[in-house]
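These notes concern the structure reproduced below.
Start at 1 with the first residue, then count along the sequence.
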Amino acid sequence: MQWSLVIPVKPLALAKSRLADTAADGLRPGLALAFAQDTVAAALACPAVRDVAVVTDDVLAGRELAALGARIVPDEPGSGLNSALAHAAAVVRATRPDGALAALNADLPALRPLELARVLDAAAEFTRAFLPDAAAIGTTLLAVAPGHELRPAFGTDSRARHRASGAAELRPAAVDSVRQDVDTGEDLRAALALGVGPRTAAAAARLLIPGQ
């Protein structure tokens, strides 16, 4: 099964505020862009992925991610993450009505293409399924079979919310890179330990990170 991925990217100036203890205000936008670039590049290299649509209104992010091969979808109706994902899913489905679809976080800088393929292969067994994040509180991927709605419930306690919505929880082994999103300095250190993509590595080299 070949998948279309939808990846949301918020305005870079507003991104990753919880990294304030690790990255100064002037560095966080570049770090957030690096996360997204490494995530998109790895996703496009995944053998199970047919195409990637990035939903964003950030001009710089849109330009840089389009250069990697992503399709850029405007953030509509501008009322939050879940509505943006639903809109982007509808745009993708307008051209690929019978395709499998998944929403993927943009802050997975250690993402490995083959680990993502393993997760998507597991998701193909279900009508709708999700992968919890490394903290087992949030969600890094939500997948739906052809002909079914995404119905995203990202945000606070999204693991519990996706389970309550009837989505199957995926538990494939050895997919740490798909689960390790980055919101905090501790998350960033964990991602660096896994091995991040080149853009994140370059951006992180400008930071003073204890233990690295």
Side-chain angles (χ1 to χ4, degrees), residues 1-10 36 39-57 62 65-66 68-108 111-133 136-173 175 177-179 181:
M1 183 180 291
Q2 290 289 296
W3 293 79
S4 292
L5 300 188
V6 176
I7 298 178
V9 175
K10 69 166 55 177
T39 299
V40 168
L44 287 167
C46 174
V49 172
R50 177 168 53 187
D51 51 20
V52 171
V54 170
V55 54
T56 188
D57 278 343
L65 298 173
L68 294 175
R71 173 184 183 181
I72 306 303
V73 177
D75 183 352
E76 296 178 4
S79 56
L81 172 59
N82 290 311
S83 61
L85 285 172
H87 166 70
V91 170
V92 171
R93 280 277 168 81
T95 55
R96 299 192 185 278
D98 299 321
L101 180 71
L104 181 71
N105 287 11
D107 57 353
L108 299 168
L111 186 64
R112 303 285 190 272
L114 293 182
E115 291 187 16
L116 176 58
R118 194 174 301 135
V119 173
L120 292 171
D121 287 346
E125 301 297 320
F126 301 93
T127 297
R128 184 164 167 267
F130 73 96
L131 184 74
D133 65 8
I137 297 172
T139 301
T140 58
L141 179 140
L142 175 66
V144 290
H148 294 270
E149 292 185 7
L150 189 61
R151 293 191 289 131
F154 288 89
T156 304
D157 297 327
S158 65
R159 179 190 183 191
R161 294 167 66 189
H162 282 129
R163 289 179 66 181
S165 73
E169 182 170 332
L170 300 172
R171 297 183 178 88
V175 294
S177 76
V178 196
R179 299 185 64 199
D181 54 355

To the nearest 0.5 Å, how far apart are CD in E115 and CG in L131? 10.5 Å
So which heavy atom on G138 is nearest to which on R159, and how close? O-CB, 3.6 Å
Can you give each donor-acceptor pair under 3.5 Å made by side-chain atoms of residues 3-10, sequence neighbours left out, with the distance rounded to 0.1 Å?
residue: S4; atom: OG; partner: D51; partner atom: OD1; Å: 2.5

State, to 0.1 Å, how close L111 and A43 come at their nearest heavy-atom pair, and which atoms those are. CD2-N, 4.0 Å
Decide yes or no for L101 and V92: does some side-chain heavy atom of the first lie under 4.5 Å from some side-chain heavy atom of the second? yes
Residue pair L68 / L44: nearest heavy atoms and the distance that separates them: O-CD1, 3.2 Å
Could you please spell out the steps behind the side-chain contact (heavy atoms from CB on, under 4.5 Å) verdict for V73 and V54? CA-CA 6 Å; V73 177; V54 170; over 6 Å; no
I would like to know whether N82 and R161 meet side-chain contact (heavy atoms from CB on, under 4.5 Å); could you show each step before the answer? CA-CA 12 Å; N82 290 311; R161 294 167 66 189; 4.3 Å; yes
For R128 versus S165, what's the shortest heavy-atom pair and its separation? NH1-OG, 2.8 Å
Looking only at non-hydrogen atoms, find the nearest pair between E169 and P132 and report the distance. OE2-CG, 3.6 Å
E76 side-chain N/O to S83 backbone N/O, donor-acceptor pair under 3.5 Å: no
For residues 139-151, which side-chain N or O atoms pair as donor and acceptor with protein atoms under 3.5 Å away, sequence neighbours left out?
residue: T139; atom: OG1; partner: S158; partner atom: OG; Å: 2.9
residue: T139; atom: OG1; partner: H162; partner atom: ND1; Å: 3.0
residue: T140; atom: OG1; partner: V178; partner atom: O; Å: 2.8

Got a donor-acceptor contact below 3.5 angstrom from the D57 side chain to the D75 backbone? yes
Return yes if some donor-acceptor pair links the side-chain N/O of T39 with the main-chain N/O of L108 below 3.5 Å, else return no. yes
Using every non-hydrogen atom in the two residues, find where S177 and R112 come nearest and quote the distance to one decimal. OG-N, 2.9 Å
Give the intermediate values and the outcome of side-chain contact (heavy atoms from CB on, under 4.5 Å) for residues N105 and D133. CA-CA 10 Å; N105 287 11; D133 65 8; 5.9 Å; no
For the atom pair CG (D181) and CG (D107), what is the distance rounded to the nearest 0.5 Å? 5.0 Å
Other residues, nucleotides and ligands only: do more than 12 of their heavy atoms fall within 6.0 Å of CZ on R93? yes
